[in-house]
Amino acid sequence: MSDWPELDPARDHETLSIIHVAAQMLCKIRVRHAPWVNHGWHVALQPAARGLSTLPTAASDGRTFTLTLDLCRHAIVLWTSDEGREEIPLNAGSVAALHRRLVAALERHGLPADFSGLPNEIENAVPFAEDTRPRDYERDSASRFRESLAAMLPVFERFRASFTGKSSPVHFWWGSFDLSVTRFSGRGAPQHPGGVPGLPDRITREAYNQQLSSAGFWAGGVTEAEPFFYSYAY
């Protein structure tokens, strides 16, 4: 396809790394404040027309809220069920600044603002609040990333629709930074060895406690490497 969005690590890495850690912040709020669902499906990001979004999260006062990585407005957008809305620009200058602004926005709206401050599945991860290294956010890089996810979504949805057994939604994993869909056989699998950086072994072993086949697209994120499609069985 000549019009397939091109992702270039040399050009896009810095922007994708910002989106990666921003996605981690949003979903760590779900980890802390939503009940656990099998295989962690409740904390995955959901593809949306403008980017990627969390599922609704309940606040203690009866309201709900969602957080969206809006890659058209290039901001984290907070939506609340009482018609509240706020934008936190992704071009904050550093991860620490973005983290600080996100926490402040949640607190202004009286929403849960406490979550784990250490990124998952990243080697030698730096806590969000301490990651003050200057980072440049390029809108064009983010737009091509959004377009690539939009191009793949109907392909993965068709792949999922043809399977009548247990299957995950087509969703985006913020730890590994990939869009994926997984089919399950219903049979048990050998215990996973664990050892994923920054991820408790109990989480990995529950995610892989059944035989499965997973397909997806990995965009790069904090790792400066070529994007690729993958398929594997466990």
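Position 1 is the first residue of the sequence, and the numbers go up from there.
- Between His74 and Tyr137, the ring centre distance stays below 6.0 Å.
- Both the sub-6.0 Å distance and the 45° axial angle are not jointly satisfied by Arg30 relative to the ring of Phe115.
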Begin from the C-alpha positions of Leu111 and Arg63 and carry the test side-chain contact (heavy atoms from CB on, under 4.5 Å) through to its verdict.
CA-CA 9 Å; Leu111 299 169; Arg63 291 179 298 158; 3.7 Å; yes

Start with the C-alpha distance between Leu78 and Thr80, add both sets of side-chain angles, then the distance that settles side-chain contact (heavy atoms from CB on, under 4.5 Å), and finish with yes or no.
CA-CA 7 Å; Leu78 166 66; Thr80 68; 4.3 Å; yes

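- Ionic pairing of Arg108 and Glu86 is present here: one or more N-O contacts between side-chain nitrogen and carboxylate oxygen are shorter than 4.0 angstrom.
- Contact annotation: the side chain of Ile88 approaches that of Leu98 to within less than 4.5 Å [non-hydrogen atoms, C-beta and beyond].
- Within the 4.5 Å cutoff, side-chain heavy atoms of Leu102 are placed close to those of Leu26.
- Ring pair Phe177/Phe172 is perpendicular by interplanar angle, where above 60° counts as perpendicular and below 30° as parallel.
- When side chains are defined from C-beta on, Ile76 counts as touching Leu69, because their heavy atoms get closer than 4.5 Å.
- Hydrophobic cluster membership is shared by Trp41 and Val31, with clusters built from Ile, Leu, Val, Met, Phe, Trp and Tyr side chains linked at under 4.5 angstrom.
- Note: the hydrophobic cluster containing Leu90 also contains Val21 (ILVMFWY, side chain heavy atoms under 4.5 Å, direct or indirect links).
- Considering all non-hydrogen atoms of both residues, Leu16 and Ala219 come closest at CD1-O, 3.5 Å.
- Taken from NZ in Lys28 to OG1 in Thr54, the straight-line distance is 15.0 Å, to the nearest 0.5 Å.
- Within the 4.5 Å cutoff, the side chain of Leu118 has no heavy atoms near those of the Phe128 side chain.
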Test Arg183 against Leu212 for side-chain contact (heavy atoms from CB on, under 4.5 Å), laying out the working first.
CA-CA 6 Å; Arg183 296 172 171 182; Leu212 57 81; over 6 Å; no

ring-ring contact (aromatic ring centres under 6.0 Å, His included) for Trp36 and His42? Distances and angles first, verdict last.
CA-CA 7 Å; Trp36 191 262; His42 66 302; 4.7 Å; yes

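- The two residues Ser214 and Thr182 come nearest to each other via the heavy atoms OG-OG1, 2.8 Å.
- Here the closest non-hydrogen pair linking Phe65 and Pro112 is CE2-CD, 3.7 Å.
- For Arg73, the CZ atom counts as loosely surrounded, since its 6.0 Å shell holds 12 or fewer non-hydrogen atoms of other residues, nucleotides or ligands.
- Ring centroid separation for the pair Phe184 and His39 comes in under the 6.0 Å cut-off.
- In the hydrophobic clustering, where aliphatic and aromatic side chains (Ile, Leu, Val, Met, Phe, Trp, Tyr) are joined below 4.5 Å either directly or transitively, Phe163 stands alone.
- Criterion: ILVMFWY side-chain heavy atoms under 4.5 Å apart, direct or through other members. Under it, Ile122 and Ile29 are part of a common hydrophobic cluster.
- Val181 and Ser167 make their closest contact through CG2-OG, 3.9 Å (heavy atoms, listed as atom of the first residue, atom of the second, distance).
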Solution key, residues 148-158 side-chain donor-acceptor pairs under 3.5 Å, sequence neighbours excluded:
from: Ser148; atom 1: OG; to: Phe145; atom 2: O; distance (Å): 2.6

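- Looking at heavy atoms from C-beta onward, Pro197 lies out of side-chain contact with Glu121 at the 4.5 angstrom threshold.
- Pairing each heavy atom of Gly40 with each of Glu206, the nearest pair is N-OE1, 4.2 Å.
- Interatomic distance, CG of Leu67 versus OG1 of Thr57, reported as 7.0 Å (0.5 Å rounding).
- Cluster membership check: Met25 does not share its hydrophobic cluster with Val77, using side-chain heavy-atom separations under 4.5 Å among Ile, Leu, Val, Met, Phe, Trp and Tyr.
- Looking at Ser94 and Arg135, their side chains never come closer than 4.5 Å, going by heavy atoms from C-beta outward.
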Residues His192, Tyr234; criterion ring-ring contact (aromatic ring centres under 6.0 Å, His included); working and verdict
CA-CA 9 Å; His192 194 281; Tyr234 181 80; 5.5 Å; yes

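- Other residues, nucleotides and ligands contribute over 12 non-hydrogen atoms within 6.0 Å of the CZ atom of Arg133.
- Ser180 is not listed as a side-chain neighbour of Val170, based on a closest heavy-atom distance of 4.5 Å or more.
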As a quick check of understanding, evaluate side chain to side chain donor-acceptor pair (under 3.5 Å) for Asp70 and Thr68, giving each step before the final call.
CA-CA 5 Å; Asp70 189 324; Thr68 298; over 6 Å; no

Stepwise side-chain contact (heavy atoms from CB on, under 4.5 Å) test for Asp12 and Glu138:
CA-CA 8 Å; Asp12 303 324; Glu138 297 293 337; over 6 Å; no

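- Under the 3.5 Å distance criterion, with hydrogens and angles disregarded, no donor-acceptor pair is assigned to the side chains of Asp131 and His99.
- Smallest separation of non-hydrogen atoms from Trp174 and Asn120: CZ3-OD1, 3.6 Å.
- Contact of the Leu45 side chain with the His171 side chain is not registered, since no non-hydrogen atoms from C-beta on lie closer than 4.5 Å.
- Distance check: Ser141 OG to Glu14 CD gives 10.0 Å after rounding to the nearest 0.5 Å.
- Other residues, nucleotides and ligands place no more than 12 heavy atoms under 6.0 Å from the CH2 atom of Trp79.
- From Gln24, atom CD reaches atom CD1 of Ile19 across 13.0 Å, with rounding to the nearest 0.5 Å.
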